Asker: 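My structure is below; once you've seen it, I'll send some questions.
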Amino acid sequence: MATVLVIDDNDTVRDGVATVLHRMGHRALAASSGQQGIDVYRGDDEQIDLVITDLKMEPVDGMSVLRAVIDANPAAVVMMITAHGTVKTAVEAMQAGAFDFIEKPFPVELLKSKVEKALAVLSDRTRAARLERENEYLRDELGQTGGAAFAEMIGSSEPMRRVFRLVEKVARTDSTVHIHGESGTGKELVANAIHALSPRASGPFVKINCGAIPETLLESELFGHEKGAFTDAAKRRIGRFELAHGGTIFLDEIGDVSLAMQVKLLRVLQERTFERVGGERTVAVDVRVVTATNKNLEAEVAAGRFREDLLYRLRIIPIDLPPLRDRRDDVPALVAHFVEKLAKRTRSLATGFSDEALAALQCYAWPGNVRELENVVEQSLVFADGPLVRIDDLPATVLGVERADDLQLPDGERALPDILEELERQLILRAYEKAGGVKTETARLLGIKTPALYYKLEKYGIGDVRSRTSDS
């Protein structure tokens with residue numbers, strides 16, 4: 001249903017056009033003069049989809065109405081009603097921005113046909129205007145999300161290969177996806193990859209961190225608001241769901257949303273419709289929804305902080321991201337990626353990390369995951385003085401210096417690499433004994449590949465030591 005403004009100082013013509021529009025299923029607003037019509041259009045109380053105006057009116061004629069409407073909205077669709085013999089003036093009106101004209105007296109079927117064509121043009125113009133808004137939004141807020149789908153999703157470990165395979169399968173569908181993972185594991189990168197590999201890739205990718213926006217503003221951010229909806233609502237605002245029309249919306253930190261907002265989100269997921277804050281018109285959107293959180297939503301449901309029905313709607317396709325400590329084999333590749341990425345910013349002489357430094361990074365638990373690793377690489381590049389980042393260039397937290405009292409350091413004055421080798425030997429020996437001499441289990445406990453473990457066992461003679469101990 002469209003809203004059409006009919007402007008004519010002839011009651012019969014005005015009421016007749018309005019009646020036809022009602023029969024077509026549209027809503028008709030009537031104005032008996034040019035100035036009244038301009039006032040209704042500018043009032044912004046109604047969203048006018050089409051303006052049908054008589055050309056010859058006094059004192060404000062149809063050309064003045066046309067100019068005022070086009071000035072208020074360059075994408076507006078205006079149709080002129082002309083009298084016999086004024087075709088030349090009607091052509092001038094079209095050159096000034098009118099969509100079409102209809103000459104009196106006109107048959108009902110011709111009016112219907114022209115209204116349908118006008119509304120089709122309106123749909124095209126609205127789509128073009130939305131794309132322009134989306135492009136402006138993307139340029140302002142989402143300029144960093146371009147590039148290949150898996151541009152910064154680095155890793156060849158089995159946990160990451162599983163994620164890659166799942167993303168490629170899920171991307172082809174329109175199903176709602178929920179990404180769960182600790183902070184810093186790359187949930188936004190996965191969401192972007194899903195969008196980039198999907199049929200919606202040419203549409204917008206709109207993200208919003210639900211946990212970073214006050215509850216009082218979140219509804220307006222998501223759904224937009226009408227002019228006057230609240231004190232500071234000076235004009236209508238389009239929300240993120242409308243901006244994402246034809247594309248993907250990514251709701252990060254969905255676990256932080258209040259129960260009241262969860263009800264509204266549930267409706268959007270079920271019906272893909274909503275109302276702007278302060279509005280009565282139902283807005284329909286075509287969006288794919290991807291959500292993410294680091295919270296355990298099942299536990300949140302049990303605690304009464306999250307709706308169970310919403311959880312089921314969100315987790316149609318779940319993706320669980322592994323923490324970095326569960327894919328330590330990916331650390332060297334991630335380090336190489338960040339060294340290249342951060343080279344210009346840090347202006348470092350270092351172009352890589354030494355083997356000892358990489359070994360220390362792989363032994364660290366990474367509570368902040370990949371995001372923490374990137375920060376550590378940047379800091380280490382700044383501190384490095386040579387072509388390679390050495391182990392003493394790493395932050396103290398990674399080396400565990402703050403827990404030095406819990407470690408049994410070798411006696412005597414020895415270089416740090418020698419000390420770390422001894423600590424590595426102790427850790428491997430402890431894991432080897434805990435695993436009962438099973439090498440695959442030892443490698444799993446240490447978070448390294450089995451071939452790497454064989455090398456280290458041979459290096460430190462741990463396997464020989466155990467066999468000799470067992471024989472004695």
Side-chain angles (χ1 to χ4, degrees), residues 144 146-148 150-157 159-160 182-186 188-189 321-428 446-449 451-453 455-456 459-460:
Q144 304 301 318
F150 295 113
E152 292 198 39
M153 292 179 62
I154 309 298
S156 59
S157 63
M160 285 306 294
E182 298 178 3
S183 296
T185 50
E188 183 180 330
L189 295 177
L321 290 186
L324 187 53
R325 63 181 173 274
D326 288 347
R327 56 182 190 105
R328 297 174 196 254
D329 291 346
D330 292 331
V331 169
L334 285 164
V335 169
H337 169 73
F338 290 136
V339 167
E340 182 179 358
K341 175 183 176 181
L342 299 167
K344 185 176 181 180
R345 184 194 305 176
T346 60
R347 297 182 175 85
S348 176
L349 297 175
T351 58
F353 279 57
S354 69
D355 291 341
E356 292 83 1
L358 283 175
L361 294 181
Q362 286 183 283
C363 290
Y364 183 57
W366 298 110
N369 293 292
V370 179
R371 186 183 297 126
E372 183 185 8
L373 174 61
E374 182 175 3
N375 293 339
V376 166
V377 170
E378 182 170 0
Q379 183 177 341
S380 301
L381 288 172
V382 171
F383 290 153
D385 295 324
L388 291 177
V389 172
R390 299 169 301 170
I391 199 163
D392 50 352
D393 296 323
L394 300 179
T397 51
V398 173
L399 298 177
V401 173
E402 77 280 10
R403 297 188 300 272
D405 291 341
D406 299 329
L407 299 176
Q408 297 179 356
L409 298 177
D411 295 330
E413 294 183 2
R414 300 174 62 186
L416 185 58
D418 295 335
I419 294 174
L420 287 172
E421 280 198 355
E422 177 59 26
L423 291 174
E424 183 181 52
R425 190 192 70 80
Q426 292 178 20
L427 288 172
I428 293 174
L446 293 170
I448 62 177
K449 291 181 178 179
L453 175 66
Y455 166 76
K456 294 181 182 297
K459 176 182 177 180
Y460 297 122

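What you see is a predicted model; the values in this text were computed from it and never measured.
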Asker: Among Arg345, Lys344, Lys341, exactly one meets salt bridge (Lys or Arg N to Asp or Glu O under 4.0 Å) together with Glu378. Which residue is that?
Answerer: Arg345
Asker: After noting the C-alpha distance and the side-chain angles of Gln379 and Val376, does the key distance pass the side-chain contact (heavy atoms from CB on, under 4.5 Å) rule?
Answerer: CA-CA 5 Å; Gln379 183 177 341; Val376 166; 5.7 Å; no
Asker: Would you please name every residue forming a side-chain contact (heavy atoms from CB on, under 4.5 Å) with Gln362, sequence neighbours left out?
Answerer: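 Counting only residues at least two positions away or on another chain, Gln362 forms a side-chain contact (heavy atoms from CB on, under 4.5 Å) with Asp329, Val331, Pro332.
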Asker: Determine whether Ile428 and Leu453 make a side-chain contact, defined as any pair of heavy atoms from C-beta on separated by less than 4.5 Å.
Answerer: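 A side-chain contact under 4.5 Å exists here.
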Asker: Could you tell me if the side chain of Glu374 sits less than 4.5 Å from the side chain of Leu342, heavy atoms only?
Answerer: yes
Asker: Counting distance only, does the side-chain N/O of Arg327 pair as donor-acceptor with the main-chain N or O of Met160 below 3.5 Å?
Answerer: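 Not a single qualifying donor-acceptor pair exists.
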Asker: Give the minimum heavy-atom separation between Ala360 and Val398, together with the two atoms involved.
Answerer: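 Looks like O-CG1, 4.3 Å.
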Asker: Main chain of Leu361, side chain of Trp366: is a donor-acceptor contact present, judged purely on distance under 3.5 Å?
Answerer: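 Yes, the answer is positive, given that a donor and an acceptor are paired below the 3.5 Å cut-off.
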Asker: For Ser156, does its backbone N or O pair with a side-chain atom of Asp330 as donor and acceptor, under 3.5 Å?
Answerer: yes
Asker: Any Lys/Arg nitrogen of Glu188 or Arg371 sitting under 4.0 Å from an Asp/Glu carboxylate oxygen of the other?
Answerer: no
Asker: Can you find a pair of side-chain heavy atoms, one from Leu394 and one from Phe353, that are under 4.5 Å apart?
Answerer: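 Yes, their side chains come closer than 4.5 Å.
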Asker: Does Arg390 use its side chain to pair, donor to acceptor, with the backbone of Glu356 at less than 3.5 Å?
Answerer: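 The answer is no, because no donor-acceptor pair under 3.5 Å joins these two groups.
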Asker: Look up atom OH in Tyr364 and atom CZ in Arg328, then write down how far apart they are to the nearest 0.5 Å.
Answerer: 10.5 Å
Asker: Do the side chains of Leu381 and Leu349 get nearer than 4.5 Å, heavy atoms only?
Answerer: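 A side-chain contact under 4.5 Å is absent here.
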Asker: Could you walk me through whether Val377 and Leu334 pass side-chain contact (heavy atoms from CB on, under 4.5 Å), step by step?
Answerer: CA-CA 10 Å; Val377 170; Leu334 285 164; over 6 Å; no
Asker: Does the side chain of Val335 reach to within under 4.5 Å of the side chain of Leu358, using non-hydrogen atoms?
Answerer: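 SC-SC contact between Val335 and Leu358 confirmed.
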Asker: With a 4.5 Å limit on heavy-atom distance, are the side chains of Glu340 and His337 in contact?
Answerer: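 No, every pair of side-chain atoms sits at 4.5 Å or beyond.
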Asker: So, Asn369 side chain and Pro323 main chain: donor-acceptor pair closer than 3.5 Å or not?
Answerer: no
Asker: Roughly how far, to the nearest 0.5 Å, is OG1 of Thr185 from CG of Leu324?
Answerer: 10.0 Å
Asker: State the CG-CG distance between Asp385 and Asp393, to the nearest 0.5 angstrom.
Answerer: 6.5 Å
Asker: Could you measure the distance from the SG atom of Cys363 to the CG atom of Leu446? Nearest 0.5 Å is fine.
Answerer: 8.0 Å
Asker: Locate the shortest heavy-atom distance separating Ala350 from Ser348; write the atom from each residue and the value.
Answerer: N-OG, 3.0 Å
Asker: Is any side-chain heavy atom of Asn375 closer than 4.5 Å to a side-chain heavy atom of Phe338?
Answerer: no
